[in-house]
Amino acid sequence: MSLNKLNQLYLAVVMDHANHPHHKSSLPDATKSVELHNVSCGDDIRVFIKTKADWIEEISFTGNGCTISQASASMMTDALKDLTIPVAIKTCDDFFQLTMGKTLTSKAKKALGDAAILGSLAEFPARIKCATLAWHAAKEAVGGEIK
């Protein structure tokens, strides 16, 4: 696939999630919610998680911010819904590694779903915080250690 077509695909996926976010709403019966702010650009995300036993039954988010933060939050809800807590924490960690330019296995990329496309943000360090904000909130909400 040519670089131009890849860029168009990236833009289409990001814009679709930003303009039509999945699971963007509050969750009144959430087990936990975590709100984080990116002071460098003003992104504001609250992630709501409803757990049942050891898995994520429901997940959603609210907030405002740049296109990347909103698209990434939407992608995050798709990737983490219905996962066990340990697998969700690993998926978050894989996403953090991807945005830092680390190579992931094809299985790990597949688990990230549309979010795997954000790996190219490693080339734009200023945007990594935008992309990872919701993922940090989700990891904190399920009790994962934030590094």
Side-chain angles (χ1 to χ4, degrees), residues 1-28 30-51 56-83 85 87-147:
M1 185 178 290
S2 73
L3 186 57
N4 187 37
K5 289 200 185 272
L6 212 58
N7 287 337
Q8 289 175 356
L9 174 64
Y10 169 85
L11 185 59
V13 171
V14 169
M15 293 308 293
D16 184 52
H17 275 279
N19 292 329
H20 308 288
H22 305 175
H23 313 285
K24 187 171 184 180
S25 64
S26 61
L27 192 60
T31 310
K32 179 89 181 210
S33 71
V34 173
E35 184 172 7
L36 294 178
H37 308 278
N38 181 351
V39 296
S40 63
C41 70
D43 296 334
D44 180 26
I45 298 283
R46 178 178 292 270
V47 172
F48 301 87
I49 293 183
K50 180 180 177 185
T51 57
I56 297 172
E57 184 176 37
E58 294 290 333
I59 184 167
S60 66
F61 76 100
T62 59
N64 298 295
C66 68
T67 299
I68 296 293
S69 74
Q70 296 298 290
S72 184
S74 174
M75 294 171 187
M76 178 270 306
T77 61
D78 289 343
L80 299 186
K81 187 175 184 321
D82 295 326
L83 295 183
I85 302 300
V87 172
I89 290 169
K90 167 117 176 47
T91 302
C92 288
D93 288 340
D94 286 344
F95 182 74
F96 302 144
Q97 292 296 309
L98 182 72
T99 60
M100 297 302 291
K102 306 292 185 204
T103 303
L104 297 182
T105 65
S106 58
K107 181 180 177 182
K109 283 184 182 177
K110 185 176 181 179
L112 290 173
D114 285 349
I117 205 164
L118 296 176
S120 62
L121 289 175
E123 297 174 33
F124 306 97
R127 302 312 303 257
I128 293 171
K129 286 184 181 180
C130 303
T132 59
L133 189 66
W135 295 79
H136 281 292
K139 185 175 178 184
E140 185 177 327
V142 295
E145 182 179 329
I146 305 300
K147 298 176 186 178

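Any value given below was found using the heavy atoms of this structure, including those in side chains, with hydrogens, waters and symmetry copies removed.
One distance of note links OG1 of T51 with CG of L83; it measures 13.0 Å at 0.5 Å rounding. In this structure, CG in D44 is found 8.0 Å from CG in L133, a value given to the nearest 0.5 Å. One distance of note links CZ of R46 with CG of L36; it measures 9.5 Å at 0.5 Å rounding. Of the inter-residue distances, the one linking L112 atom CG with Q97 atom CD reads 11.5 Å to the nearest 0.5 angstrom. Taking CZ of F124 as the start and CG of L118 as the end, the distance is 12.0 Å to the nearest 0.5 Å. Here the CD1 atom belonging to I59 is positioned 11.5 Å from the OG atom belonging to S33, to the nearest 0.5 angstrom.
With sequence neighbours excluded, the residues satisfying side-chain contact (heavy atoms from CB on, under 4.5 Å) with T132 are F95, F96, T99, I128, H136. In this structure K24 satisfies the side chain to side chain donor-acceptor pair (under 3.5 Å) test together with Q70, sequence neighbours excluded. Not counting sequence neighbours, R127 has no partner by the side chain to side chain donor-acceptor pair (under 3.5 Å) test.
Between A137 and V47, the shortest heavy-atom contact is CB-CG2, 3.6 Å. Shown here for S26 and S60, the closest heavy-atom pair between the two residues is C-OG, 3.9 Å. Scanning both residues, W135 and A79, for their nearest heavy atoms gives CH2-CB, 3.9 Å. The minimum heavy-atom distance linking C66 with D43 is given by the pair N-OD1, 2.9 Å. The two residues T91 and A111 have their closest heavy-atom pair at CG2-O, 4.4 Å. Of all heavy-atom pairs spanning L104 and D94, the tightest one is CD1-O, 3.5 Å.
Taking a 6.0 Å sphere around NZ of K81, one finds it holds more than 12 heavy atoms contributed by other residues, nucleotides or ligands.
Between K139 and D93 there is a salt bridge, since a side-chain N of the basic residue sits under 4.0 Å from a carboxylate O of the acidic one.
Here the options are V87, D82, T31, L80, the test is side chain to side chain contact (heavy atoms under 4.5 Å, CB included), and the partner is I56; only L80 passes.
Using a distance-only test at 3.5 Å, with no hydrogens or angles considered, no donor-acceptor pair links the side chain of S72 to the main chain of S69.
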